[in-house]
A.B. asks: 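Below is a structure I'd like to ask you about.
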Protein chains: 2
Amino acid sequence: MDAMLDTEGKETSATHGAYRKLREMILTGELPPGQKLKIEQLRGMLDTGASPVREALSLLTSDMLVERIDQRGFRAAPVSKCNFEEILMLRCNLEETALRKSIANANSAWEDRLVLRHHHMKKASQKGALDFEDAHKAFHMALLDNAKLPLLLRYCSQLYDLNIRYRYLAAGGSSYKKRDINAEHQEILDAALDRDAESATRHLIDHYRRTGEYLSSQMDS
Amino acid sequence: MDAMLDTEGKETSATHGAYRKLREMILTGELPPGQKLKIEQLRGMLDTGASPVREALSLLTSDMLVERIDQRGFRAAPVSKCNFEEILMLRCNLEETALRKSIANANSAWEDRLVLRHHHMKKASQKGALDFEDAHKAFHMALLDNAKLPLLLRYCSQLYDLNIRYRYLAAGGSSYKKRDINAEHQEILDAALDRDAESATRHLIDHYRRTGEYLSSQMDS
DNA sequence: GCCTCCAAAAATATCGATATTATTTGACAT
DNA sequence: ATGTCAAATAATATCGATATTTTTGGAGGC
(Lines give C-alpha, C1' and ligand atoms only; values in the text may rest on other atoms or scores of the structure.)
Protein backbone atom coordinates (compact mmCIF):
# COMPACT_ATOMS: atom_id res chain seq x y z
CA MET A 1 0.00 0.00 0.00
CA ASP A 2 1.14 3.47 -0.81
CA ALA A 3 1.45 5.92 1.99
CA MET A 4 -1.00 8.70 1.29
CA LEU A 5 1.38 11.63 1.13
CA ASP A 6 -1.32 13.59 -0.63
CA THR A 7 -0.75 17.00 0.85
CA GLU A 8 -2.83 18.56 -1.89
CA GLY A 9 -6.07 16.65 -1.98
CA LYS A 10 -7.50 18.40 -5.01
CA GLU A 11 -5.68 16.67 -7.85
CA THR A 12 -7.70 13.81 -9.22
CA SER A 13 -5.33 12.46 -11.84
CA ALA A 14 -1.58 12.66 -12.24
CA THR A 15 -2.01 13.82 -15.80
CA HIS A 16 -4.19 16.74 -14.83
CA GLY A 17 -1.82 17.70 -12.05
CA ALA A 18 1.15 17.61 -14.39
CA TYR A 19 -0.81 19.64 -16.93
CA ARG A 20 -1.58 22.38 -14.42
CA LYS A 21 1.94 22.60 -13.08
CA LEU A 22 3.58 22.59 -16.50
CA ARG A 23 1.14 25.17 -17.75
CA GLU A 24 1.95 27.46 -14.88
CA MET A 25 5.68 26.96 -15.34
CA ILE A 26 5.41 27.93 -19.01
CA LEU A 27 3.09 30.88 -18.40
CA THR A 28 5.29 32.37 -15.70
CA GLY A 29 8.45 31.83 -17.72
CA GLU A 30 9.97 29.33 -15.31
CA LEU A 31 10.26 27.20 -18.42
CA PRO A 32 11.46 29.83 -20.91
CA PRO A 33 10.30 30.02 -24.54
CA GLY A 34 12.01 27.62 -26.87
CA GLN A 35 13.42 25.46 -24.09
CA LYS A 36 13.70 21.80 -24.77
CA LEU A 37 11.34 19.87 -22.52
CA LYS A 38 12.92 16.54 -21.71
CA ILE A 39 10.65 13.92 -20.28
CA GLU A 40 13.15 12.67 -17.68
CA GLN A 41 13.90 16.16 -16.44
CA LEU A 42 10.20 17.03 -16.08
CA ARG A 43 9.45 13.66 -14.55
CA GLY A 44 11.85 14.63 -11.81
CA MET A 45 10.51 18.15 -11.32
CA LEU A 46 6.89 17.01 -11.14
CA ASP A 47 7.58 13.79 -9.25
CA THR A 48 5.46 11.60 -11.51
CA GLY A 49 5.82 9.03 -14.27
CA ALA A 50 6.63 9.50 -17.92
CA SER A 51 3.12 8.75 -19.20
CA PRO A 52 1.35 11.60 -17.37
CA VAL A 53 4.10 13.99 -18.45
CA ARG A 54 3.73 13.00 -22.08
CA GLU A 55 -0.02 13.35 -21.96
CA ALA A 56 0.19 16.72 -20.27
CA LEU A 57 2.58 17.92 -22.97
CA SER A 58 0.19 16.69 -25.64
CA LEU A 59 -2.58 18.74 -24.07
CA LEU A 60 -0.38 21.81 -23.83
CA THR A 61 0.41 21.41 -27.50
CA SER A 62 -3.18 22.17 -28.34
CA ASP A 63 -3.07 25.20 -26.06
CA MET A 64 -0.19 26.34 -28.22
CA LEU A 65 2.09 26.58 -25.21
CA VAL A 66 4.19 23.61 -26.28
CA GLU A 67 5.46 22.54 -29.69
CA ARG A 68 5.93 18.96 -30.66
CA ILE A 69 8.73 18.18 -33.05
CA ASP A 70 8.15 14.92 -34.80
CA GLN A 71 10.21 12.18 -33.22
CA ARG A 72 12.29 14.80 -31.49
CA GLY A 73 10.26 15.55 -28.40
CA PHE A 74 8.71 18.73 -27.09
CA ARG A 75 9.76 22.31 -26.47
CA ALA A 76 8.17 25.36 -24.89
CA ALA A 77 6.54 27.43 -27.60
CA PRO A 78 8.74 30.26 -28.88
CA VAL A 79 7.68 33.89 -28.61
CA SER A 80 7.94 36.74 -31.07
CA LYS A 81 6.60 40.21 -31.56
CA CYS A 82 4.63 38.94 -34.53
CA ASN A 83 3.01 36.26 -32.43
CA PHE A 84 2.18 38.77 -29.72
CA GLU A 85 0.56 41.14 -32.17
CA GLU A 86 -1.51 38.35 -33.65
CA ILE A 87 -2.71 37.35 -30.20
CA LEU A 88 -3.66 40.94 -29.46
CA MET A 89 -5.56 41.31 -32.72
CA LEU A 90 -7.47 38.08 -32.27
CA ARG A 91 -8.33 38.91 -28.68
CA CYS A 92 -9.76 42.26 -29.69
CA ASN A 93 -11.82 40.64 -32.41
CA LEU A 94 -13.10 37.65 -30.45
CA GLU A 95 -13.64 39.35 -27.12
CA GLU A 96 -15.61 42.12 -28.74
CA THR A 97 -17.88 39.54 -30.34
CA ALA A 98 -18.28 37.69 -27.05
CA LEU A 99 -18.87 40.78 -24.94
CA ARG A 100 -21.54 42.09 -27.29
CA LYS A 101 -23.33 38.77 -27.15
CA SER A 102 -22.97 38.65 -23.36
CA ILE A 103 -24.55 42.06 -23.03
CA ALA A 104 -27.30 41.11 -25.46
CA ASN A 105 -28.13 38.21 -23.11
CA ALA A 106 -27.77 40.33 -19.98
CA ASN A 107 -29.83 39.42 -16.94
CA SER A 108 -29.52 40.03 -13.23
CA ALA A 109 -27.83 36.72 -12.51
CA TRP A 110 -25.02 37.69 -14.84
CA GLU A 111 -24.79 41.16 -13.34
CA ASP A 112 -24.45 39.61 -9.91
CA ARG A 113 -21.69 37.35 -11.13
CA LEU A 114 -19.85 40.31 -12.64
CA VAL A 115 -20.06 42.41 -9.51
CA LEU A 116 -18.85 39.51 -7.42
CA ARG A 117 -15.89 38.75 -9.66
CA HIS A 118 -14.94 42.38 -9.76
CA HIS A 119 -15.06 42.58 -5.99
CA HIS A 120 -12.92 39.48 -5.60
CA MET A 121 -10.41 40.87 -8.04
CA LYS A 122 -10.10 44.12 -6.11
CA LYS A 123 -9.63 42.21 -2.90
CA ALA A 124 -7.04 39.92 -4.47
CA SER A 125 -5.05 42.84 -5.83
CA GLN A 126 -3.91 43.58 -2.29
CA LYS A 127 -2.78 40.00 -1.82
CA GLY A 128 -0.24 38.06 -3.87
CA ALA A 129 0.24 38.57 -7.58
CA LEU A 130 -0.67 34.98 -8.22
CA ASP A 131 -4.06 35.28 -6.56
CA PHE A 132 -4.65 38.44 -8.53
CA GLU A 133 -3.93 36.74 -11.81
CA ASP A 134 -6.56 34.10 -11.15
CA ALA A 135 -9.15 36.65 -10.08
CA HIS A 136 -8.29 38.89 -13.03
CA LYS A 137 -8.88 36.09 -15.49
CA ALA A 138 -12.09 35.09 -13.73
CA PHE A 139 -13.40 38.64 -14.07
CA HIS A 140 -12.57 38.90 -17.74
CA MET A 141 -14.06 35.50 -18.48
CA ALA A 142 -17.21 36.41 -16.55
CA LEU A 143 -17.61 39.40 -18.85
CA LEU A 144 -17.68 37.03 -21.81
CA ASP A 145 -19.35 33.88 -20.59
CA ASN A 146 -22.90 35.13 -20.81
CA ALA A 147 -22.56 34.89 -24.58
CA LYS A 148 -23.15 31.19 -24.05
CA LEU A 149 -20.79 30.33 -26.86
CA PRO A 150 -18.46 27.59 -25.61
CA LEU A 151 -16.10 27.53 -28.57
CA LEU A 152 -15.66 31.26 -28.59
CA LEU A 153 -15.11 31.27 -24.84
CA ARG A 154 -12.49 28.58 -25.17
CA TYR A 155 -10.58 30.55 -27.77
CA CYS A 156 -10.74 33.66 -25.60
CA SER A 157 -9.42 31.71 -22.65
CA GLN A 158 -6.56 30.29 -24.70
CA LEU A 159 -5.63 33.69 -26.06
CA TYR A 160 -5.82 35.19 -22.59
CA ASP A 161 -3.28 32.67 -21.36
CA LEU A 162 -0.98 33.22 -24.32
CA ASN A 163 -1.17 36.93 -23.59
CA ILE A 164 -0.37 36.84 -19.89
CA ARG A 165 2.66 34.77 -20.76
CA TYR A 166 4.03 37.82 -22.53
CA ARG A 167 3.20 39.92 -19.48
CA TYR A 168 5.25 37.63 -17.27
CA LEU A 169 8.10 37.59 -19.74
CA ALA A 170 8.15 41.39 -19.83
CA ALA A 171 9.60 41.89 -16.37
CA GLY A 172 6.83 40.53 -14.24
CA GLY A 173 4.44 43.30 -15.14
CA SER A 174 6.04 45.85 -12.87
CA SER A 175 4.92 48.93 -14.73
CA TYR A 176 1.75 47.13 -15.72
CA LYS A 177 0.48 47.88 -12.25
CA LYS A 178 1.54 51.49 -12.38
CA ARG A 179 -1.19 52.26 -14.85
CA ASP A 180 -4.56 52.71 -13.25
CA ILE A 181 -5.79 49.25 -14.01
CA ASN A 182 -8.51 49.49 -11.38
CA ALA A 183 -10.14 52.47 -13.03
CA GLU A 184 -10.11 50.72 -16.38
CA HIS A 185 -11.81 47.68 -14.95
CA GLN A 186 -14.37 49.84 -13.22
CA GLU A 187 -15.26 51.51 -16.50
CA ILE A 188 -15.74 48.19 -18.25
CA LEU A 189 -17.85 46.89 -15.39
CA ASP A 190 -20.04 49.98 -15.26
CA ALA A 191 -20.66 49.94 -18.98
CA ALA A 192 -21.55 46.24 -18.88
CA LEU A 193 -23.96 46.80 -16.00
CA ASP A 194 -25.51 49.65 -18.00
CA ARG A 195 -25.83 47.16 -20.88
CA ASP A 196 -24.06 49.67 -23.06
CA ALA A 197 -22.34 47.45 -25.59
CA GLU A 198 -20.61 50.29 -27.44
CA SER A 199 -19.02 51.73 -24.35
CA ALA A 200 -18.12 48.37 -22.85
CA THR A 201 -16.39 47.05 -25.95
CA ARG A 202 -14.56 50.33 -26.47
CA HIS A 203 -13.24 50.30 -22.91
CA LEU A 204 -12.33 46.63 -23.11
CA ILE A 205 -10.40 47.02 -26.33
CA ASP A 206 -8.66 50.16 -25.10
CA HIS A 207 -7.69 48.18 -22.02
CA TYR A 208 -6.03 45.53 -24.20
CA ARG A 209 -4.47 47.93 -26.67
CA ARG A 210 -2.89 49.98 -23.90
CA THR A 211 -1.35 46.89 -22.29
CA GLY A 212 -0.38 45.69 -25.75
CA GLU A 213 1.41 48.86 -26.71
CA TYR A 214 3.41 48.85 -23.52
CA LEU A 215 4.44 45.23 -23.94
CA SER A 216 5.18 45.75 -27.60
CA SER A 217 7.51 48.63 -26.81
CA GLN A 218 9.24 46.50 -24.18
CA MET A 219 9.96 43.86 -26.80
CA ASP A 220 11.78 46.31 -29.06
CA SER A 221 14.37 47.17 -26.47
CA MET B 1 18.46 15.42 -52.20
CA ASP B 2 15.20 13.73 -51.34
CA ALA B 3 13.61 13.60 -54.74
CA MET B 4 11.19 11.00 -53.53
CA LEU B 5 7.70 12.36 -53.60
CA ASP B 6 6.02 10.73 -50.67
CA THR B 7 2.71 10.02 -52.29
CA GLU B 8 1.35 8.09 -49.37
CA GLY B 9 2.03 6.06 -46.25
CA LYS B 10 4.69 8.21 -44.71
CA GLU B 11 3.65 7.56 -41.15
CA THR B 12 6.57 8.45 -39.00
CA SER B 13 5.10 7.76 -35.57
CA ALA B 14 2.37 5.45 -34.40
CA THR B 15 0.82 8.32 -32.46
CA HIS B 16 0.52 10.47 -35.56
CA GLY B 17 -0.93 7.61 -37.56
CA ALA B 18 -3.51 6.87 -34.88
CA TYR B 19 -4.34 10.57 -34.72
CA ARG B 20 -5.02 10.78 -38.45
CA LYS B 21 -7.12 7.65 -38.58
CA LEU B 22 -9.17 8.52 -35.53
CA ARG B 23 -9.71 12.03 -36.78
CA GLU B 24 -11.01 10.73 -40.07
CA MET B 25 -13.28 8.21 -38.36
CA ILE B 26 -14.81 10.95 -36.25
CA LEU B 27 -15.13 13.44 -39.09
CA THR B 28 -16.85 10.96 -41.37
CA GLY B 29 -19.14 9.73 -38.63
CA GLU B 30 -17.74 6.21 -38.54
CA LEU B 31 -17.34 6.95 -34.86
CA PRO B 32 -20.65 8.66 -34.17
CA PRO B 33 -21.08 11.69 -31.85
CA GLY B 34 -21.23 10.83 -28.20
CA GLN B 35 -19.86 7.34 -28.64
CA LYS B 36 -17.68 6.00 -25.89
CA LEU B 37 -14.14 5.50 -27.13
CA LYS B 38 -12.64 2.54 -25.34
CA ILE B 39 -8.91 2.16 -25.54
CA GLU B 40 -8.95 -1.60 -26.06
CA GLN B 41 -11.51 -1.37 -28.83
CA LEU B 42 -9.56 1.35 -30.68
CA ARG B 43 -6.30 -0.45 -30.07
CA GLY B 44 -7.78 -3.32 -32.05
CA MET B 45 -9.19 -1.18 -34.86
CA LEU B 46 -5.96 0.73 -35.36
CA ASP B 47 -3.63 -2.17 -34.73
CA THR B 48 -1.37 -0.31 -32.33
CA GLY B 49 -0.61 -0.03 -28.62
CA ALA B 50 -2.52 1.74 -25.91
CA SER B 51 -0.06 4.61 -25.49
CA PRO B 52 -0.33 5.96 -29.04
CA VAL B 53 -4.11 5.68 -28.84
CA ARG B 54 -4.22 7.65 -25.61
CA GLU B 55 -1.95 10.34 -26.98
CA ALA B 56 -3.94 10.60 -30.18
CA LEU B 57 -7.13 11.02 -28.16
CA SER B 58 -5.46 13.73 -26.10
CA LEU B 59 -4.59 15.60 -29.27
CA LEU B 60 -8.10 15.22 -30.63
CA THR B 61 -9.39 16.65 -27.38
CA SER B 62 -7.80 19.95 -28.23
CA ASP B 63 -9.31 19.83 -31.69
CA MET B 64 -12.64 19.55 -29.89
CA LEU B 65 -13.43 16.32 -31.70
CA VAL B 66 -13.09 14.24 -28.53
CA GLU B 67 -14.15 14.91 -24.97
CA ARG B 68 -12.27 13.67 -21.99
CA ILE B 69 -14.25 12.79 -18.92
CA ASP B 70 -12.13 12.88 -15.81
CA GLN B 71 -11.08 9.37 -14.83
CA ARG B 72 -13.79 7.99 -17.08
CA GLY B 73 -12.12 7.88 -20.47
CA PHE B 74 -12.93 9.54 -23.76
CA ARG B 75 -15.91 9.95 -26.04
CA ALA B 76 -16.54 11.40 -29.49
CA ALA B 77 -17.68 15.01 -29.09
CA PRO B 78 -21.46 15.40 -29.18
CA VAL B 79 -23.21 17.51 -31.82
CA SER B 80 -26.06 19.97 -31.56
CA LYS B 81 -27.71 22.64 -33.62
CA CYS B 82 -26.36 25.22 -31.19
CA ASN B 83 -22.84 23.98 -31.66
CA PHE B 84 -23.25 24.02 -35.43
CA GLU B 85 -24.51 27.57 -35.44
CA GLU B 86 -21.63 28.71 -33.27
CA ILE B 87 -19.16 27.09 -35.65
CA LEU B 88 -20.81 28.83 -38.59
CA MET B 89 -20.73 32.21 -36.89
CA LEU B 90 -17.09 31.90 -35.86
CA ARG B 91 -16.08 30.75 -39.32
CA CYS B 92 -17.74 33.75 -40.93
CA ASN B 93 -16.04 36.08 -38.51
CA LEU B 94 -12.55 34.55 -38.61
CA GLU B 95 -12.41 33.68 -42.28
CA GLU B 96 -13.49 37.17 -43.25
CA THR B 97 -10.65 38.59 -41.16
CA ALA B 98 -8.17 36.16 -42.69
CA LEU B 99 -9.31 36.63 -46.27
CA ARG B 100 -9.12 40.41 -46.03
CA LYS B 101 -5.57 40.15 -44.71
CA SER B 102 -4.67 37.65 -47.39
CA ILE B 103 -5.88 39.98 -50.09
CA ALA B 104 -4.08 42.90 -48.50
CA ASN B 105 -0.86 40.88 -48.79
CA ALA B 106 -1.66 39.68 -52.29
CA ASN B 107 1.21 38.93 -54.65
CA SER B 108 1.64 36.82 -57.74
CA ALA B 109 2.99 33.81 -55.87
CA TRP B 110 -0.21 33.67 -53.85
CA GLU B 111 -2.33 34.08 -56.97
CA ASP B 112 -0.51 31.18 -58.58
CA ARG B 113 -1.13 29.04 -55.51
CA LEU B 114 -4.82 29.89 -55.60
CA VAL B 115 -5.25 29.10 -59.26
CA LEU B 116 -3.46 25.81 -58.78
CA ARG B 117 -5.54 24.78 -55.81
CA HIS B 118 -8.71 25.70 -57.59
CA HIS B 119 -7.68 23.65 -60.58
CA HIS B 120 -6.85 20.63 -58.45
CA MET B 121 -10.18 20.91 -56.70
CA LYS B 122 -12.08 20.95 -59.98
CA LYS B 123 -10.14 17.94 -61.16
CA ALA B 124 -10.73 16.09 -57.88
CA SER B 125 -14.47 16.76 -58.00
CA GLN B 126 -14.70 14.19 -60.76
CA LYS B 127 -12.84 11.64 -58.70
CA GLY B 128 -13.76 10.27 -55.30
CA ALA B 129 -15.52 12.30 -52.66
CA LEU B 130 -12.61 11.80 -50.31
CA ASP B 131 -10.10 13.31 -52.73
CA PHE B 132 -12.45 16.20 -53.28
CA GLU B 133 -12.69 16.90 -49.54
CA ASP B 134 -8.93 17.23 -49.27
CA ALA B 135 -8.68 19.47 -52.31
CA HIS B 136 -11.63 21.55 -51.14
CA LYS B 137 -10.00 22.22 -47.81
CA ALA B 138 -6.69 22.97 -49.49
CA PHE B 139 -8.36 25.58 -51.69
CA HIS B 140 -10.14 27.26 -48.80
CA MET B 141 -7.01 27.30 -46.69
CA ALA B 142 -5.02 28.73 -49.58
CA LEU B 143 -7.47 31.61 -49.71
CA LEU B 144 -6.61 32.40 -46.10
CA ASP B 145 -2.97 31.51 -45.66
CA ASN B 146 -1.56 34.62 -47.25
CA ALA B 147 -2.69 36.48 -44.15
CA LYS B 148 0.44 35.03 -42.54
CA LEU B 149 -1.35 34.68 -39.21
CA PRO B 150 -0.65 31.19 -37.88
CA LEU B 151 -3.02 31.27 -34.93
CA LEU B 152 -5.90 32.54 -36.99
CA LEU B 153 -5.21 29.97 -39.69
CA ARG B 154 -5.18 27.24 -37.10
CA TYR B 155 -8.54 28.26 -35.74
CA CYS B 156 -9.97 28.41 -39.24
CA SER B 157 -8.65 24.94 -39.97
CA GLN B 158 -10.16 23.58 -36.76
CA LEU B 159 -13.51 25.14 -37.46
CA TYR B 160 -13.41 23.89 -41.02
CA ASP B 161 -13.02 20.34 -39.74
CA LEU B 162 -15.77 20.71 -37.18
CA ASN B 163 -18.00 21.97 -39.95
CA ILE B 164 -17.41 19.21 -42.48
CA ARG B 165 -18.23 16.75 -39.74
CA TYR B 166 -21.76 18.12 -39.79
CA ARG B 167 -21.79 17.78 -43.56
CA TYR B 168 -20.92 14.10 -43.32
CA LEU B 169 -23.48 13.57 -40.61
CA ALA B 170 -26.17 15.19 -42.76
CA ALA B 171 -26.47 12.39 -45.29
CA GLY B 172 -23.03 12.44 -46.82
CA GLY B 173 -23.58 15.79 -48.52
CA SER B 174 -25.72 14.37 -51.32
CA SER B 175 -27.75 17.49 -51.97
CA TYR B 176 -24.72 19.56 -51.07
CA LYS B 177 -23.38 18.81 -54.50
CA LYS B 178 -26.61 19.61 -56.26
CA ARG B 179 -26.10 23.30 -55.61
CA ASP B 180 -23.72 24.89 -58.05
CA ILE B 181 -20.73 24.76 -55.80
CA ASN B 182 -18.32 25.21 -58.68
CA ALA B 183 -19.79 28.55 -59.65
CA GLU B 184 -19.56 29.76 -56.07
CA HIS B 185 -15.90 28.80 -55.86
CA GLN B 186 -15.22 30.47 -59.17
CA GLU B 187 -16.74 33.71 -57.92
CA ILE B 188 -14.61 33.67 -54.79
CA LEU B 189 -11.49 32.91 -56.78
CA ASP B 190 -12.13 35.65 -59.33
CA ALA B 191 -12.77 38.23 -56.66
CA ALA B 192 -9.60 37.23 -54.82
CA LEU B 193 -7.55 37.46 -58.02
CA ASP B 194 -9.07 40.89 -58.62
CA ARG B 195 -7.94 41.74 -55.08
CA ASP B 196 -11.47 42.87 -54.39
CA ALA B 197 -11.81 42.23 -50.66
CA GLU B 198 -15.44 43.32 -50.43
CA SER B 199 -16.63 41.03 -53.16
CA ALA B 200 -14.46 38.10 -52.09
CA THR B 201 -15.58 38.16 -48.46
CA ARG B 202 -19.21 38.60 -49.46
CA HIS B 203 -19.06 35.57 -51.77
CA LEU B 204 -17.17 33.50 -49.21
CA ILE B 205 -19.64 34.23 -46.45
CA ASP B 206 -22.62 33.64 -48.72
CA HIS B 207 -21.04 30.33 -49.62
CA TYR B 208 -20.92 29.33 -45.95
CA ARG B 209 -24.30 30.70 -45.04
CA ARG B 210 -25.97 28.84 -47.89
CA THR B 211 -24.39 25.54 -46.86
CA GLY B 212 -25.20 26.40 -43.26
CA GLU B 213 -28.86 27.05 -43.89
CA TYR B 214 -29.24 23.80 -45.73
CA LEU B 215 -27.55 21.79 -42.98
CA SER B 216 -29.44 23.65 -40.30
CA SER B 217 -32.76 22.78 -41.91
CA GLN B 218 -31.66 19.16 -42.17
CA MET B 219 -31.09 19.09 -38.42
CA ASP B 220 -34.62 20.16 -37.63
CA SER B 221 -36.19 17.25 -39.43
C1' DG C 1 -41.59 -4.34 -5.44
C1' DC C 2 -37.79 -1.05 -4.75
C1' DC C 3 -33.72 0.67 -2.75
C1' DT C 4 -29.11 -0.07 -0.69
C1' DC C 5 -24.90 -2.09 -0.40
C1' DC C 6 -21.20 -5.13 -1.45
C1' DA C 7 -18.56 -8.21 -4.50
C1' DA C 8 -17.16 -9.20 -9.41
C1' DA C 9 -15.99 -7.45 -13.79
C1' DA C 10 -14.39 -4.04 -16.88
C1' DA C 11 -12.03 -0.04 -18.09
C1' DT C 12 -8.86 3.55 -17.11
C1' DA C 13 -4.60 5.58 -15.50
C1' DT C 14 -0.01 4.78 -14.44
C1' DC C 15 4.42 2.51 -14.05
C1' DG C 16 8.80 0.19 -15.48
C1' DA C 17 11.27 -1.65 -19.20
C1' DT C 18 12.52 -2.11 -24.08
C1' DA C 19 13.06 -0.84 -28.83
C1' DT C 20 13.77 3.02 -31.91
C1' DT C 21 15.49 7.07 -33.25
C1' DA C 22 18.32 11.32 -32.79
C1' DT C 23 22.60 13.36 -31.13
C1' DT C 24 27.22 13.49 -29.84
C1' DT C 25 31.99 11.92 -29.98
C1' DG C 26 36.17 10.69 -31.81
C1' DA C 27 38.95 8.33 -35.19
C1' DC C 28 40.32 8.34 -39.86
C1' DA C 29 41.22 9.90 -44.45
C1' DT C 30 41.85 13.74 -47.49
C1' DA D 1 43.16 21.39 -40.23
C1' DT D 2 38.69 19.86 -41.89
C1' DG D 3 35.02 17.10 -43.21
C1' DT D 4 32.96 12.48 -43.08
C1' DC D 5 31.51 8.31 -41.07
C1' DA D 6 30.64 5.03 -37.43
C1' DA D 7 30.30 3.75 -32.82
C1' DA D 8 28.72 5.39 -28.24
C1' DT D 9 25.38 7.94 -25.83
C1' DA D 10 21.11 10.04 -24.79
C1' DA D 11 16.39 10.82 -25.48
C1' DT D 12 12.10 9.53 -27.38
C1' DA D 13 8.31 6.46 -28.59
C1' DT D 14 6.14 2.35 -27.61
C1' DC D 15 4.92 -1.91 -25.28
C1' DG D 16 3.26 -5.05 -21.56
C1' DA D 17 1.85 -5.36 -16.95
C1' DT D 18 -0.08 -3.53 -12.64
C1' DA D 19 -2.79 -0.65 -9.65
C1' DT D 20 -7.02 2.27 -9.28
C1' DT D 21 -11.23 3.49 -10.30
C1' DT D 22 -15.76 3.05 -12.26
C1' DT D 23 -19.46 0.19 -13.67
C1' DT D 24 -22.19 -3.88 -13.33
C1' DG D 25 -24.98 -7.38 -11.23
C1' DG D 26 -27.09 -9.63 -7.71
C1' DA D 27 -28.24 -10.73 -2.71
C1' DG D 28 -30.41 -9.12 1.24
C1' DG D 29 -33.13 -5.82 3.93
C1' DC D 30 -37.14 -2.41 4.13
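Protein chains get the first letters and strands the later ones, always in sequence-line order, with residue 1 at the start of each. Only a predicted model underlies this, so the values are computations on that prediction, with no experimental measurement involved.
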A.B. asks: Could you tell me from which nucleotide to which nucleotide of DNA chain C, 5' to 3', there is an atom under 4.0 Å from chain B heavy atoms?
C.D. replies: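 Terminal contacting nucleotides, 5' to 3': dA11(C) to dT14(C).
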A.B. asks: Do Asp161(A) and Asp63(A) come close enough that some side-chain heavy atom pair is under 4.5 Å?
C.D. replies: no
A.B. asks: Taking only residues two or more places apart in sequence, or in another chain, which ones meet Asp70(B) in a side-chain hydrogen bond (donor to acceptor under 3.5 Å, both in side chains)?
C.D. replies: Thr12(A)
A.B. asks: Pairs under 3.5 angstrom only: tabulate donor-acceptor contacts from the side chains of residues 143-152 of chain A to other protein residues two or more places apart or in another chain.
C.D. replies:
from	atom 1	to	atom 2	distance (Å)
Asp145(A)	OD1	Arg113(A)	NH2	2.8
Asn146(A)	ND2	Ser102(A)	O	3.1
Asn146(A)	ND2	Asn105(A)	O	2.9

A.B. asks: If only atom types and distance count, is the side chain of Tyr166(A) paired as donor or acceptor with the main-chain N or O of Ser80(A) below 3.5 Å?
C.D. replies: yes
A.B. asks: Keeping the roles fixed (side chain from Thr61(A), backbone from Leu57(A)), state whether a donor-acceptor pair exists under 3.5 Å.
C.D. replies: yes
A.B. asks: Please list, in numerical order, the residues of residues 64-73 of chain A that have a heavy atom closer than 4.0 Å to any atom of DNA chain D.
C.D. replies: Gln71(A), Arg72(A), Gly73(A)
A.B. asks: Salt bridge (Lys or Arg N to Asp or Glu O under 4.0 Å) for Lys101(B) and Glu86(A)? Distances and angles first, verdict last.
C.D. replies: CA-CA 12 Å; Lys101(B) 268 275 193 205; Glu86(A) 185 178 359; over 6 Å; no
A.B. asks: Under a 4.5 Å cut-off applied to non-hydrogen side-chain atoms, are Arg68(B) and Glu55(A) in contact?
C.D. replies: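 Yes, close enough: below the 4.5 Å cut-off.
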A.B. asks: What I'd like to find out is whether the side chain of Leu114(B) reaches to under 4.5 Å of the side chain of His118(B), using heavy atoms alone.
C.D. replies: no
A.B. asks: In residues 35-52 of chain B, which ones come under 4.0 Å of DNA chain D, going by heavy atoms?
C.D. replies: Thr48(B), Gly49(B), Ser51(B), Pro52(B)
A.B. asks: Got Glu96(A) and Leu204(A) here, is their nearest side-chain heavy-atom distance under 4.5 Å?
C.D. replies: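 No, their side chains stay 4.5 Å or more apart.
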A.B. asks: Provide the full list of side chain to side chain donor-acceptor pair (under 3.5 Å) pairs with a residue in residues 35-51 of chain A, sequence neighbours left out, each pair given once.
C.D. replies: none
